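To keep things clear, I will list the structure first and then write my remarks on it.
The structure presented is a predicted model; accordingly, all values stated were derived computationally and were not measured.
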Amino acid sequence: MLSKYSYWLYESVLDKKICNKIIAHFKGLKTFKGKVGKSNELDKGLRDSDVLFSNEKEIYDIILPFVFDANKKADWNADINWHESMQFTIYKKNQHYDWHADNLERAYDEDHHPNYRGKIRKLSLGVSLTDPKKYEGGEFYFKFGIEKMPTKISAFKKQGSVIVFPSFVYHKVTPATKGTRYSLINWSLGAPWR
């Protein structure tokens with residue numbers, strides 16, 4: 001996968017009403033602590049956030065067109081044929097997610113749902129759901145290459161912004177320092193890169 005684009009950003013494309021509707025859909029449901037890695041462990045040093053998952057078709061219909069559009073416009077041409085459950089993520093004061101990549105070290109195995117088997121995470125999507133006036137901190141950064149300085153994606157903080165990027169790209173969310181940051185995450189799957 002060679003492309004001059006490391007990510008594709010849609011700035012403030014979802015209106016406030018849609019964002020608030022998505023938040024309301026998830027708010028009040030039982031959450032659990034976000035886990036990390038293929039062993040699915042708790043590691044508060046790396047990640048401290050509350051999450052829950054959903055397969056709500058109405059929300060997929062809103063977010064998936066951005067994955068397909070970015071895949072084409074950024075010239076990634078990733079062969080994707082399945083999407084994981086959406087993850088609603090909550091960052092309260094001091095919660096964060098340090099440097100990580102979303103792709104797994106290997107393809108999903110026989111223990112997973114049949115539509116996951118033999119596939120890897122290829123494209124990641126994030127939606128910024130919260131009005132930035134309602135929280136502080138929670139900045140989103142990419143790191144492209146070992147020696148390059150981290151790149152803050154300030155425009156992604158705008159409510160209703162959508163970002164799509166290859167799942168192997170390192171990124172992080174800095175600690176929220178005030179208020180609560182809500183986001184929606186999804187991963188698109190396909191056969192391993194060739």
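- Residues Y141, Y170 make up the rest of the hydrophobic cluster containing W99, defined by ILVMFWY side-chain heavy atoms closer than 4.5 Å, directly or through other members.
- The cluster map of Ile, Leu, Val, Met, Phe, Trp and Tyr, joined by side-chain heavy atoms under 4.5 Å apart, puts V164 and W187 in different clusters.
- Between the side chain of Y10 and the main chain of A70, a donor-acceptor pair closer than 3.5 Å is present.
- For F68 and H83, the gap between ring centers is short of 6.0 Å.
- Listed by chain and residue number, K33, Q95 satisfy the side chain to side chain donor-acceptor pair (under 3.5 Å) test with D50 (two or more places apart in sequence, or in another chain).
- Under the 3.5 Å distance criterion, with hydrogens and angles disregarded, a donor-acceptor pair is assigned to the side chains of D75 and N77.
- Through direct or relayed side-chain contacts under 4.5 Å between Ile, Leu, Val, Met, Phe, Trp and Tyr, Y135 connects to no other residue.
- Using modelled atom types, one side-chain atom of S128 and one backbone atom of F156 make a donor-acceptor pair closer than 3.5 Å.
- I90 and V51 are assigned to two separate hydrophobic clusters, defined by single-linkage of ILVMFWY side chains at heavy-atom distances under 4.5 Å.
- If you take OG on S85 and OH on Y116, they are separated by 4.5 Å, rounding to the nearest 0.5 Å.
- One finds the NZ atom of K134 at 13.0 Å from the NZ atom of K178 (value rounded to the nearest 0.5 Å).
- Under the 4.5 Å side-chain contact rule for hydrophobic residues, I63 and I185 do not share a cluster.
- At least one donor-acceptor pair under 3.5 Å links the side chain of N186 to the backbone N or O of E84.
- Judged by distance alone, the side chain of D79 and the main-chain N or O of G190 form no donor-acceptor pair under 3.5 Å.
- Here the rule is ring pair (Phe, Tyr, Trp, His ring centres under 6.0 Å) with H171, and of F144, Y97, F165 only F165 fits it.
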**Report entry** Chi angles and distances behind the side-chain contact (heavy atoms from CB on, under 4.5 Å) call for I163, F142
**Finding:** CA-CA 11 Å; I163 198 163; F142 280 123; 3.6 Å; yes
Query raised in the report: Do Y7 and V169 pass the side-chain contact (heavy atoms from CB on, under 4.5 Å) test, and can you show the C-alpha distance, the side-chain angles, and the key distance before you say yes or no?
Result: CA-CA 9 Å; Y7 66 94; V169 176; over 6 Å; no
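- To the nearest 0.5 Å, atom CZ of residue F88 and atom OG of residue S49 are 11.5 Å apart.
- Qualifying side chain to side chain donor-acceptor pair (under 3.5 Å) partners for K157, counting only residues two or more places apart in sequence or in other chains: E139.
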Donor-acceptor pairs are to be reported for all side-chain atoms of residues 17-27 against protein atoms at under 3.5 Å, with residues two or more places apart or in another chain.
residue: N20; atom: ND2; partner: K16; partner atom: O; Å: 3.4
residue: K21; atom: NZ; partner: E58; partner atom: OE2; Å: 2.9

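- Atom CG of N94 is separated from atom NE2 of H96 by 9.5 Å, given to the nearest 0.5 angstrom.
- Judged by distance alone, the side chain of S167 and the main-chain N or O of L123 form a donor-acceptor pair under 3.5 Å.
- Residues V13 and L64 fall within the same hydrophobic cluster, defined by Ile, Leu, Val, Met, Phe, Trp and Tyr side chains chained together at heavy-atom separations under 4.5 Å.
- Taking 4.5 Å as the limit, some side-chain heavy atom of V162 sits within range of a side-chain heavy atom of L14.
- Classification of the Y5-W8 ring pair by plane angle, with boundaries at 30° and 60°, yields perpendicular.
- From I120, atom CD1 reaches atom CG of L189 across 9.0 Å, with rounding to the nearest 0.5 Å.
- Using a 4.5 Å cut-off between side-chain heavy atoms of Ile, Leu, Val, Met, Phe, Trp and Tyr, with links allowed through other members, F53 and L129 fall into different hydrophobic clusters.
- Considering OG1 of T180 and OH of Y182, their distance stands at 5.0 Å, rounded to 0.5 Å.
- Every side-chain contact (heavy atoms from CB on, under 4.5 Å) that A155 has, sequence neighbours left out, goes to L9, E11.
- Between K122 and S188, every side-chain heavy-atom pair lies at or beyond the 4.5 Å cut-off.
- Not a single donor-acceptor pair under 3.5 Å links the side chain of T174 to the backbone N or O of G137.
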